[in-house]
Each structure stands twice: as C-alpha cells, then as structure tokens.
Undergrad: 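Pasting a structure here, questions to come.
Order of appearance sets the numbers: ligands from 1, and atoms from 1 within every ligand.
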Amino acid sequence: MILVKAFAIVCEASRRVLNMKPYDVQIIAAIALHQGKIVEMKTGEGKTLAGVMPAYLNALTGKGVHILTFNDYLARRDAQWMGPVYEFLGLSVGYVNEGMSITERQKAYSCDITYVTAKEVGFDYLRDFLCYEKDRLVLRKFNYAIVDEADSVFIDEARIPLVIAGDVAEEEEELFRLSKIVKELKLGEDYELDEYEKNIALTDAGLIRVEKILGCDNLYVPENLGLLTRINSALHAEVLIERDKDYIVRNGRIEIIDEFTGRIADKRHWPDNLQSAVETKEGLKSQSKGKIMGSIPLQYFLSLYQKISGMTRTACIAAEEFREFYCLDVVVVPTNNPCIRKDYPDVIFANKEAKHKVLISEIERIHETGQPILIGTNSVQESEMLADELNIIGIKCKVLNAKNDEMEAKIIARAGEVGAVTVSTNMAGRGVDIKLGGEREQERDKVVALGGLYVIGTNKFESKRIDNQLKGRAGRQGDPGESRFFISIEDEIFKKYSFKKMLPKLNMPQKQDERIDDPIFRREMESAQRVLEGYNSDIRRQLWKYSFIMEQQRRIIHSRRQNILMDKEPLQLLSTKAEERYFFLQNQLDDKVLRDIEKQLTLYYINRSWAEYLDYMSYVRESIHLVAIGKKNPLDEFHKIAIEVFDNMMDRIECEIINKFNTIEIKENSIDVDKEGLKGPSSTWTYLINDNPNQFSSMNLLIKGTSSAIKGTLFSLKSIYNRILKKSM
Ligand code: ADP
C-alpha cells in the first residue's frame, strides 16, 4: 500500500533531517488525517510532525496540499521547521503571510505544500473572484487541506464571514447628523432593549420623533430604507457598543475586541453600516466606506476542498458538530506518555470580590514556591487589571495581549520557567508549546519537582472545550501540571445569560462572600455551561441553514466567472442576443477583440450584480424574523426570496451586458473602461465581519421566540418585510 511506503519514507526523512522519529501515536494520527478525519491529540504531542505524513502522501498527485495554521507566525514557523523534510523528499514548500505580493503568493501556492491560515487563503479566494487578468490569479483548484487547531477554525470562527470590499463614496455629513440625533433619544421612551440587551428597537414614539427631526414623513417607505437602517445602526452603536469593552480607539481607528478571545481582533469590522456608525460616534473619519464585493463564511470556504482533515487538542466534545456540519468523524489519539496533570474542582463563590481575593492569595501562595503559573482570563481588560494588581503586590508578571503573534509565542514559550507568572487571554499563544523550565534543559527538573505548570482560569468560558484548551497548556508529554478555575455567580458569562435565575434558590449561600461547596450548585453551574453551548450551537445551526442556498448560488456565480476568465466557457450572448451590433462590428474588428469586449463586460457585470445581491440579501436577512409574526416560516421565506432574487440577477446580468454593448464606444480595438463606467473598484480590502449583533439577535428571536420587550416594535417593523417581499417579486 502506498500509505505505508510514503509514511515510512517520511519517518526516515524526519529522523535524518530533524532528528525526530515520529512516535506510533503520531503515525496513528497521520493515518486518520489521511482518511479525512478530525484528530484529537493533546498539546505537545507533535501535531506539526504528524501532519507531514499525510501532507507528503497527498501532495504526490501534484495537486497541492494546504496546511491551514492558526496564525501567520505559525504558518511561517511550521513551513521553515518542516520544510527541510519535504525538500529532502523532493517536494517544494511555501508559506503565505498577510502583506505578501501577488507574485509571492503565486509562488507559494504553486508549491506542493503550502502553509497558510484559513483566513488568508479565503481572502485570496475572494480576491481571485474580482480578478480581470488570468495571470493575476493566485490559487489553484482546492485539493486537500489539513486544518490545525481545527475546533477553532471549524467551530468557533466558522460563522465569521470573510469579506472583500471595494471603494465607493458615501456622505459623511449625514452619518454625523444621524449620530447626533440618536444621542438625544431616551431608553423606555424612544427605544427599547430586549432582555439580553443585545437588540434595540425604536418605539413608535421614537420613530415619530426621528421622522420629525429628519423632516421625513415615513421612514418605512421604500426610498427611506437605507436611512432607516443607518438610524438603527447609529442607535445600536450609541447604546449597545461600548468603548474599551467592545472596541478600543487606536491610531484614529476602531479596533474591535474579540468577544471570544478577548483580544484585539485583527482586520475585523462590524457589518458595514454599524462600523461606520461606531466610527462616526467616535468622531473618526470613516475607514469603512465601501461596498462588499464578495464574502464567504469560513465554514463554507473549507468545504471547497476536495478532501479535508483537521487536528486539535479538543475535538471530542465537539464531535457532534463536526459530524453534522462537515460530515467529519473525530478520532481520539492516545498520548505518547500518560497525562498526569491534576485538574482540581472549581472554586466557586457567590460574590466576585470574594473570588478575586482568594484568587490573588492563591497566586501569591503558589508563586512563593517558584512554581510557574499561567493565568487565563477572558478579556484583555481583565488581564491588564490583574497584571497591574499583581505588580503592585510585588509579583512580576508578563501579559499576553500583544498584537504580534511572534512576540506572543516567545513570551508563552517562557511561561514554564521557574517563578514565571503569565497572564493571558484564552487563545493567546495557541499552538505554541510551553516547555517546563523554558529553553534551559537543566531547569526542567526543578520545575518538575515543583509540580509543573499551574494553570489558573479566572472564569468559565462559553464552552467546556475552551476550558479544556486552557487546562491543556499544562501537563504536556507526560509532564506534571495542575489546573484550577476560580468562578463566581457574578462573572460576566453567568450574568450575561441570566443564569442566576436558573440556579436553585435554596442552595444559594447565606453570606455573599462564602465559598460554595454544594454539589447541587456545582452541577447546576455545569449544566448552565451546557445550556450555553447548546444555545451557541443552535445559532450556528440556524446560520448554516440560512446561508445554505446563498452558498450554492455563490458557487454557481464563482465558477461561472472563473470559467469565463480562464476562457473555459464559450461566450455566445452577444452573437445571439445583440446580433445587429455584433455582426456590424464583426466586419470591422478582429474576433479576439470582440471576444475580449464581451469577456470584460461579463466579468464586470457579474461582480457588480453579485455585490448588489449581497447587499440586498443582508437587508432581507436582518428583517426576515418578522415573518414569524405572520405565522410564516422565516427560513422557507428567506430561501424563497433568495431563489427569486438570484434568478432575477442572472437575467439582469445578461440584460446589462447587452444594453451596454449596444451603446459602447470602441476605439482602436478597445473600450475605455473608465469612461464607460466599467472599472472595478480602484482598491479593495479584506476583513472579517465581527459577529453581527443584529443577526445574532434575529437568530435569537428565531430560536427563542419573540421576546416581549420588543414584540410591540416588531409589529411596526413589519412593513419592512412586506416591502422587501414586494421588491423582490
Ligand atoms: P503540538 O502542536 O501537538 O502541541 P508540536 O508540534 O508543537 O506539538 O510539538 C511539540 C514538541 O514535541 C516540539 O518541541 C517537538 O520538537 C517535539 N516533538 C514532536 N514529535 C517528536 C518526536 N517524534 N520526537 C521527538 N520530539 C518530538
């Protein structure tokens, strides 16, 4: 069997080149990866090397293999680390990082093995969709991918859409005016919040007030739809999005704090209107004026690969989702050495302050012994506050919130040194090994004697999987280690989802600062986390269902455009539907010139119409939950609209090509794209859409039913939906 031979060759090459002979467990993982499975392998077990075997085997076909890493730093590090093994075996290796030129990308993607983040390759896919010249395309057909930190990519980030936008003008003045108007509005009078404080809506009185100030009769008439959306976004930005909690302002720009990782989310935007609204609220020049030209959620992007597999430390807990969304099975690979880490039960308090006191004294106690400590918090803000406090009491610590992955990797690599205290958010430094004693081998025994790395969680995270990721930083490769979480009922996560209400009253402690040891209470808190996991998973499921049809449509339009660009599809529209001008021009021009004109027109109108389609469907998605009031099924209605609008779009593309062709001016065998208005955007940029708060709450409504706080206002919003329906007919 070729697998046996190929893997044996890699094992030998690795031994010769890197002086690492893969362990049996790494070979088991490699087999599962080749079979297209998700492999669960504990931290420090050597996933990087395990991935080389299936990558080599699958690259033998010459179709290219992508290894999708967690960040740019790891793409570079792993390509350079494993590169010599592939090269020894006669294969080429490359990596792609943000900021690389088209030529560098083309070179890296043409290699047998390419290390790159899922986001970067996704952005390249979107950029290729806007390309007008064959030789500027960077990607080949997607063949096989191995996804590192698979749970993060497939599950936590899966619903984040990657977006490419192009520049168009927008009036800034109006945005400032709207921002000023919403500052005057009052809660309870002019607008209301839902019970989770995640959705906001104008009351009828508020609506009338805004209409009066704007001097418009009715914000619900079709021509005011854009204005209404911008008002809602301005209100949302003003009331629900908080500076220093949801974002910070740095160098004149908004930088979003990722709710999930607690870190500054690089290249992240809120959905278009909301982003401009927050920029305006802060008095900044809008950076986000632009039209979305293409977008794809990571979830769908990954499914473009012929074959896909993944590896992570925590897959088993999410096995059901891997199966449901991606038809991927999870294989748990045993550790090379047994794991001897001690995971202590959570220390629970009713009161946040009491928890904090005990947390600090525990850090002091452990630190005195010299045992290294890694503290996982759930936000940048929290890690900074904790670090300040520790510094005041004389405990020197390192904080991991650098924007630079490489610096972060260097800090976390030293978190296992004697006496080290490292404060981090949950995802920081993921993919980087913490060696006991740091780089100095002789220090290792000392740290082992102290009990290894001690991991402290200051909060529970939104899923047990993330808790386990944090715990797993200790106890690598049979090392000793310990872990403990300190939690309180007043923690953000419990407050946010009103869990206090769910907890049994009888078991509530008498004194607020008492430690809680009641097993019933403990069980309830665990089940609260499970409820939350289920809830998040439901949202992902809903989004998946909602985007399914649009994704099929995107595939149709992408492949049509790429076929035309690559001259794989004959162009016959003009010769059959604009015969008169076509045959007239045929007598004067070369066939190739005519074909190039038709090609240019087709590529342009596909892009333009698709951008309009995306714009339109995002309006529909944000208000589709309203149909539930009319007892219709929102999902069915949404699909119905998507199909109709898409069909119309396909017809319209043809009409626009024909109309333009009939009036276009041709000089010296070519057309002036600027003059004819056929130029694509002069610049494009890519970003990730932060969880759409509106969408989130729409999904919320679909899952939980309409919340009473905004039921009334939904009725007054119903007209939007009616209008949308009318427009799409
Ligand atoms: P993971 O990504 O699974 O956490 P890494 O790929 O970063 O782990 O590897 C962890 C450490 O184990 C690295 O320092 C690597 O050099 C070492 N390692 C991995 N496989 C082997 C092996 N077969 N023999 C010796 N050392 C290995």
Undergrad: Tell me whether ligand 1 is touched by Gln477 - counting only heavy atoms on the residue side and a distance under 4.0 Å.
TA: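 Yes, Gln477 has a heavy atom closer than 4.0 Å to ligand 1.
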
Undergrad: So, Thr314 and Gln469: side-chain donor and acceptor under 3.5 Å apart, yes or no?
TA: yes

Undergrad: Please check if the distance between the ring centroids of Phe154 and Tyr326 is under 6.0 Å.
TA: yes

Undergrad: Run down the list Met82, Lys21, Arg473 and name the one with the heavy atom closest to atom 23 (N) of ligand 1.
TA: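 Of the listed residues, Lys21 has the closest heavy atom.
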
Undergrad: From the options Asp148, Thr48, Asp433, select the one whose nearest heavy atom is closest to atom 5 (P) of ligand 1.
TA: Thr48

Undergrad: Does at least one non-hydrogen atom of Lys435 fall below 4.0 angstrom from an atom of ligand 1?
TA: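 Yes; Lys435 lies near enough to ligand 1 that a heavy-atom distance drops under 4.0 Å.
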
Undergrad: Under 4.0 Å between a side-chain nitrogen and a carboxylate oxygen: does that hold for Glu417 and Arg414?
TA: yes

Undergrad: Suppose I only count heavy atoms of Thr43 and a 4.0 Å limit; which atoms of ligand 1 are within that range?
TA: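 Answer for ligand 1: 4 (O).
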
Undergrad: Consider only side-chain N and O atoms of Asn536 and Glu462, and report whether a donor and an acceptor are under 3.5 Å apart.
TA: yes

Undergrad: Among all protein heavy atoms, pick out the one at the shortest distance from atom 24 (N) of ligand 1; state its residue, atom name and that distance to 0.1 Å.
TA: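 For this ligand atom, the closest protein heavy atom is Tyr23 OH, 3.2 Å.
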
Undergrad: Out of Pro22, Cys11, Gly46, Ser14, who is nearest to atom 9 (O) of ligand 1 when you count heavy atoms only?
TA: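 Selected option, by shortest heavy-atom distance: Gly46.
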
Undergrad: Should the proximity of Trp81 to ligand 1, defined as any heavy atom under 4.0 Å, be assigned to the side chain, the backbone, both, or neither?
TA: side chain

Undergrad: Looking only at the aromatic ring of each residue, does the gap between the centers of Tyr115 and Trp81 stay below 6.0 angstrom?
TA: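 Between Trp81 and Tyr115, the centre distance exceeds or equals 6.0 Å.
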
Undergrad: Looking only at the aromatic ring of each residue, does the gap between the centers of His66 and Tyr305 stay below 6.0 angstrom?
TA: yes

Undergrad: Considering non-hydrogen atoms of the protein only, which is the closest contact for atom 1 (P) of ligand 1, and what is the distance?
TA: Gly44 N, 3.5 Å

Undergrad: Between Gln26 and ligand 1, does any nitrogen or oxygen pair lie at a separation below 3.5 Å?
TA: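 Yes, there is a polar N/O contact under 3.5 Å.
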
Undergrad: Would you mind telling me if ligand 1 is within reach of the side chain of Lys47, the backbone, both or neither, using heavy atoms under 4.0 Å?
TA: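 Both of them.
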
Undergrad: Among all protein heavy atoms in this structure, tell me which lies nearest to atom 27 (C) of ligand 1, with the distance rounded to 0.1 Å.
TA: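 That would be Met20 SD, 3.3 Å.
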
Undergrad: Between the main-chain N or O of Leu374 and the side-chain N or O of Thr422, is there a donor-acceptor pair closer than 3.5 Å?
TA: no

Undergrad: Phe301 and Phe142: aromatic ring centres closer than 6.0 Å?
TA: yes

